[in-house]
Amino acid sequence: MLSCREATELMSQEQDRPLGLAERLGLRLHMLICSACSNYRRQMRVLRAACRRFGGGDTP
Amino acid sequence: MDLDRQSELNALRPDLLRFARLQLRDAGAAEDAVQETMLAALTGSHRFESRSSYKTWLISILRNKIIDTIRSRSREVSASSLADDEAGDDLLNDTLFDRRGHWTDAAAPGRWADPEASFEQQQFWKVFEACLDHLPAKTARVFMMREFLGFETEEICKEAGISTSNCWVVLHRARLGLRSCLETNWFAGAET
């Protein structure tokens, strides 16, 4: 079973490279039992969306 | 019209400069990039419907200038200088995770209420910028190359002279730090 520390590493890397099958499965299992990491994963997408807007000059 | 264009440009100058400084972390280089952007903007003859579309266009020119600057620096973010950031990395990991690698109670990510609504608030972007600025300099630079300038990790490795796996570690470190900072300084306070 992945630890949260390992899971966060994979959640970062999935922003930069396609994960392998074993990595994806490990992550999915971890998500089932860990709400903190589920939040973290959603927040990675929020970070990317925020960076898109900021980097594009599209901020109020 | 030209006069308006000029005054709009002057009004947006501080925004451009902040954007460039954040990424280049070098006041002189940032100043140069903005200067070149303004020159390019004045000779362009595009028409814009709003100030925000004008700003978006300016930022896209500036982004290219920043990319040029980064490419012309040779191995600006050297592997040895990234090592300077690593002392902070252990500290970060120790505060966030316990010995078994689980989130500590204080650091466990909570739910973020309506991020889209936050994006509409100027104050959110001030916090966002402050959090970026708070990251270790080289870590931030690698992160911004990836997220603002759209470099692929391979290219970042090459420019920075680091290995791919090192690059992932640096990006991960940046995301951990930025996420914590945003939660502490924005989302935790925004929850009701």
Side-chain angles (χ1 to χ4, degrees), chain A, chain B residues 12 15-16 19 22-23 52-60 62-63 93 96-98 100-103 107-112 115-116 118-125 128-129 132 143-144 146-150 152-153 156 164-165 167-169 171-176 178-179 182-183 187:
Chain A
M1 182 58 87
L2 292 174
S3 69
C4 298
R5 186 202 296 258
E6 291 162 334
T8 57
E9 283 166 19
L10 287 179
M11 288 188 276
S12 175
Q13 287 181 28
E14 74 179 337
Q15 310 274 316
D16 305 312
R17 68 172 176 95
L19 297 184
L21 184 62
E23 290 171 324
R24 288 205 307 274
L25 283 176
L27 212 45
R28 188 179 295 179
L29 266 179
H30 186 88
M31 292 302 137
L32 289 174
I33 56 152
C34 183
S35 63
C37 283
S38 304
N39 288 336
Y40 189 89
R41 200 181 205 179
R42 274 193 292 276
Q43 290 158 8
M44 286 299 100
R45 295 191 201 112
V46 175
L47 273 192
R48 174 144 292 173
C51 288
R52 287 266 153 82
R53 288 192 65 155
F54 190 82
D58 182 23
T59 58
Chain B
L12 288 168
D15 285 353
L16 298 179
F19 187 79
L22 201 56
Q23 291 174 74
S52 78
S53 64
Y54 186 47
K55 182 178 166 192
T56 302
W57 181 68
L58 287 173
I59 291 276
S60 71
L62 178 57
R63 214 169 40 227
N93 266 319
L96 298 181
F97 301 104
D98 65 21
R100 289 174 311 150
H102 293 166
W103 291 104
R111 287 188 78 89
W112 286 1
E116 280 293 329
S118 295
F119 291 175
E120 300 307 322
Q121 297 179 47
Q122 267 182 351
Q123 191 56 34
F124 169 79
W125 295 105
F128 183 76
E129 214 175 290
L132 279 171
F143 179 73
M144 288 186 266
R146 174 79 186 112
E147 298 291 346
F148 296 169
L149 304 175
E152 289 301 326
T153 41
I156 300 175
T164 311
S165 62
C167 200
W168 287 330
V169 171
L171 288 169
H172 171 50
R173 185 189 303 162
R175 290 174 179 130
L176 271 178
L178 191 54
R179 195 217 69 84
L182 285 177
E183 179 150 319
F187 288 102

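Keep in mind that what you see is a predicted model, and the values were worked out from it rather than measured. Labels below follow one simple rule: chain letters A, B, ... track the order of the sequence lines, proteins then strands, and each chain is numbered from 1.
- For the atom pair OH (A:Y40) and CG (B:L176), the distance works out to 4.0 Å, reported to the nearest 0.5 Å.
- Counting heavy-atom pairs closer than 4.5 Å to chain B, the top residue among A:G55, A:C37, A:S35, A:S38 is A:G55.
- You'll find the side chain of A:T59 stays beyond 4.5 Å of the side chain of B:F119, heavy atoms only.
- Proximity to chain A (any heavy atom under 4.5 Å) is restricted, for B:E116, to the side chain, taken from C-beta onward.
- Across every non-hydrogen atom of B:G101 and A:S3, the tightest pair is O-CB, 3.7 Å.
- Annotation for B:E152: atom CD does not count as buried by contact number, only 12 or fewer foreign heavy atoms lying within 6.0 Å.
- In this structure, CZ in B:R111 is found 9.5 Å from CD in A:Q43, a value given to the nearest 0.5 Å.
- Looking at heavy atoms from C-beta onward, B:W112 lies out of side-chain contact with A:N39 at the 4.5 angstrom threshold.
- Contact count against chain B (heavy-atom pairs under 4.5 Å) is highest for A:E9 among A:M11, A:R42, A:E6, A:E9.
- Of the inter-residue distances, the one linking A:C51 atom SG with B:E147 atom CD reads 4.5 Å to the nearest 0.5 angstrom.
- Between the NE2 atom in B:H102 and the SG atom in A:C4 there is a gap of 5.0 Å [rounded to 0.5 Å].
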_Worked check of side chain to side chain contact (heavy atoms under 4.5 Å, CB included) between A:F54 and B:L22_ = CA-CA 12 Å; A:F54 190 82; B:L22 201 56; 3.8 Å; yes
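- With a threshold of 4.5 angstrom between heavy atoms, B:I156 does not approach chain A through any atom at all.
- Between atom CZ of residue A:R5 and atom CG of residue B:D98 there is a gap of 8.5 Å, rounded to the nearest 0.5 Å.
- The greatest number of non-hydrogen atom pairs below 4.5 Å with chain A, out of B:F148, B:F143, B:W125, is found for B:W125.
- At a threshold of 4.5 Å between non-hydrogen side-chain atoms, the residues A:R48 and B:R146 count as touching.
- Interface remark: B:S60 contributes no atoms to any contact with chain A (heavy atom separation under 4.5 Å).
- Only the side chain of B:R63 comes within less than 4.5 Å of a heavy atom of chain A; its backbone N, CA, C and O stay farther away.
- Between B:L182 and A:L47, the closest side-chain pair of non-hydrogen atoms falls below 4.5 Å.
- The two atoms that bring B:L171 and A:S12 nearest to each other are C-OG, 3.9 Å, heavy atoms only.
- Residue contact with chain B, scored on non-hydrogen atoms closer than 4.5 Å, is absent for A:A7.
- In this structure, A:Q15 contributes its side chain and B:H172 its backbone to no donor-acceptor pair below 3.5 Å.
- In terms of heavy-atom pairs under 4.5 angstrom with chain B, the leader among A:R53, A:M44, A:R52 is A:R53.
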